[in-house]
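Just so you know, these numbers come straight off a predicted model, no measurement behind them.
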Amino acid sequence: MRYCEQTSRPRILIAPCGKSAVVILLGLTLLGGGRAIGDDKPDVKKPTEQQWIGTLGAGKVKLRVLVKLTPSDQGFRGNLVSLDQGASDIPMSDIVFNKNRLKFTVKNVKGKFDGRLNAKRTVARGTWTQLGRPQLLVLRRVEEMPDPADQHEAEEEWVGTLKAGAAKLRLLVQIKPADNGFRGHLVSLDQGNDEIPIDQVVRDNRRLKFRVQSIKGRFDGRLNAAGTEARGTWVQLGRKMTLVLRRQENAPGKEEYAKLAPFTGVRWKGLKPEVKVGEQWFTLVSLDGVAADDIVAFSRRTYKDKWQKRFEEDLVEVLSRMGHKPKETVRLVVSPVGSTKTRTLKDVPMTEANRRAIRAGSAATSAPQGETTADSLEELVAQLRSEKELVGLAAMIMVDGKIVDSAVDGERKLGSGIALEIGDRFHIGSVTKSITATMIARLIEQNTLKWDTTVGECLGASTTVHADWRDVTLQQLLTHTSGAPANFPTRYQFNHPPEGDERVRARMQAVTEVLKDAPATEPGSAYEYSNAGYTIAAVMAEQKTGTSWEDLVRKQVFGPLKFRQAGFGPPQGNDQPRGHKKLGAAKSAVGVKADNTPIIGPSGSVHMTLAELCEFGNEHLAGERGRGELLTEKTYQRLHTARLNNYACGWLVPQRSGWAEGRTLWHNGSNTMWYTLLVLVPERKAVIAVASNDGDIKSAEAAAIEIVSKFAK
């Protein structure tokens, strides 16, 4: 293992190099004391020493930590051990341990844990924060000190559902360490079968795999980063089925949760649940004293991409696992929608009828018949994000101008614990070219430019233009047939002038250097993908209008389409995703300004939300039918007419596509830290947008293609 940082005592080693590193605790053979603090009172009964074990991890690195609690006159004292590093006891302080909570601080390593206990007080689920890096940590109470050589100290229970036509069968998989690896058994919960032995078990930090010889079945699944979910394929008698196994605290055969709800409808305003009680909608503030924000946070942490569905349809399970099992009636604190005043609704009944109404409401607002449901897209996005080990992945489907499906999975920043959201902004890379082409088409319809406006006409008086460049047209520049090189000389990549006149001058300087020499090929005779070519076209527009490319795009595209989130360069702000660089096997988040030089911004520097990207794509689809807001039908058709190599103006328009039965238009883009794919399917009036904040372009593209291939048909 390689390390990139080491400090003096207490020693903290961070591995592997990069901002996504796992914090490994070492050093200090000391015993420390702590006391119960805060409003929580310690247990009256003094338990004997307890041991709790959990695993810290990020990426491929997994480290077990052991927490030891001992009663004292002041409450509790305790120590933390990093088992896999052979670390000695590290003192804990500020210990809170009661019927609901386990909380402590490890000052020597600048770490702290805050977790909620389950009803049996055998599991504490919460957040470990060290050096400003939060991550999920689940501590489980154990009776004996685990063997350092044993990487999986306790029996694990995994549950999933096989869907075979209309039939659904829940499977329980139980595995435990054995002398030669692992052993276990499988139970079909809905068929009442006895335990069926499983063999050839592989269980490590990346994979869960096993065979069930007696029924000729096998499973092969990849684990998510938290080790709580295995997504893969169940194969039996030659038939393959997708199976998702989730690690359980309690097997469903042992504990069932009632399907009840206190309201008849749930809808969402961001992360705020709005609930229907009677005939009125309210913003939920709390339920039986548990803050709605806490319920949402627990749901997102525990159920990942299914968190909204669990909140809506499995509220009893959610609350029970939080340690607040509801009774037959509950107390709701709510605010009427649009008001800040709160009301308390007492003795609201928890009923099955309410829960059925919520399910019916969800079905009524799902995608139209023939479209894939949100659950299906959510499942695929989550599966691909995990399989491809991407930091984040998001997808959206729009049909005839309406969003019918969307899904998102992963983190805004690797190791942050902050979930990516569907409304976040994404860097779209070279999909920007279609925006630049649309802006120029607007100027053409306004008689500021023409399709056959030449480089010589716009730039001949401003700079030295080689004779072979003078007759090159906008049409040729926008279809990559001008003879322009792929990029500007390398030194321009390190130039990041601020927006405004300085950037306009820098673009002109880069363009001047290209134009002083002859084109690489005879204009109009060959196709060569060129970021420089799109920049030349943008500079022609800048010189003709006296306005920067950025302001032209704002005025001609973003403004008329009412795009409020779109902008230039990477998304800014701490509440937005970061791009990520892939260096070998490691990944790390980049700064908010990390991007290609804005000199080539016209070829690939826009960011926007997926909803805005779909709106832009739909504008092009509608425009082909004479229903666009920006351009005439004739202009849109010209933008979409392919020239050499099936390339139109900012769009690839292949004669045949494996994505859909008919014609498609598409473009993808990446600045090596993000990836985006936009696909238009005219026959279905459909737009599909997929984006990732991960610089592993090969994996991100594979995930995007799989999503489009499934949903474009």
Report task. List the steps and the verdict of side chain to side chain contact (heavy atoms under 4.5 Å, CB included) for K309 and W307. Result -> CA-CA 5 Å; K309 184 178 178 66; W307 70 270; over 6 Å; no

**Report entry** Check: R247 main-chain N/O paired with E229 side-chain donor or acceptor under 3.5 Å
**Finding:** no

Query raised in the report: Taking L393 as the fixed residue, which of L380, L384, L420 is the one that meets the side chain to side chain contact (heavy atoms under 4.5 Å, CB included) rule?
Result: L384

Requested in this report: Under the side chain to side chain contact (heavy atoms under 4.5 Å, CB included) rule, what do V106 and L80 come out as? Steps first, then yes or no, please.
Outcome: CA-CA 8 Å; V106 190; L80 184 143; 4.2 Å; yes

**Report entry** Over 12 foreign heavy atoms within 6.0 Å of CD, E328
**Finding:** no

Query raised in the report: Under 4.5 Å between any side-chain heavy atoms of M92 and V67, yes or no?
Result: yes

Requested in this report: Kindly give the heavy-atom pair with the smallest separation between P326 and S320, and that separation in Å.
Outcome: CD-OG, 4.2 Å

**Report entry** Sub-4.5 Å side-chain heavy-atom contact between R77 and K68
**Finding:** no

Requested in this report: Could you check if a side-chain atom of L332 sits within less than 4.5 angstrom of a side-chain atom of V277, using non-hydrogen atoms only?
Outcome: yes

Report task. For E312 and W268, test the side chains for any donor-to-acceptor distance below 3.5 angstrom and give the result as yes or no. Result -> yes

Query raised in the report: Tell me, do M350 and V316 make a side-chain contact under 4.5 Å, heavy atoms counted?
Result: yes

Query raised in the report: W281 ring centre to R267 NZ or CZ under 6.0 Å, with the angle to the axis within 45°?
Result: yes

Report task. Carefully, step by step, assess L245 and L243 under the rule side chain to side chain contact (heavy atoms under 4.5 Å, CB included). Result -> CA-CA 6 Å; L245 293 173; L243 176 60; 4.1 Å; yes

Requested in this report: Verify, without hydrogens or angle tests, whether Q572 (side chain) and P570 (backbone) share a donor-acceptor contact under 3.5 angstrom.
Outcome: yes

Requested in this report: Say whether R425 and Q565, considering side chains only, have a donor N or O and an acceptor N or O under 3.5 Å apart.
Outcome: yes

Query - Test item: K562 and E615 side chains (from C-beta on) under 4.5 Å apart, heavy atoms - result: no

Requested in this report: Would you verify whether the NZ or CZ of R121 falls within 45 degrees of the ring axis of F97 while also being under 6.0 Å from that six-membered ring's centre?
Outcome: yes

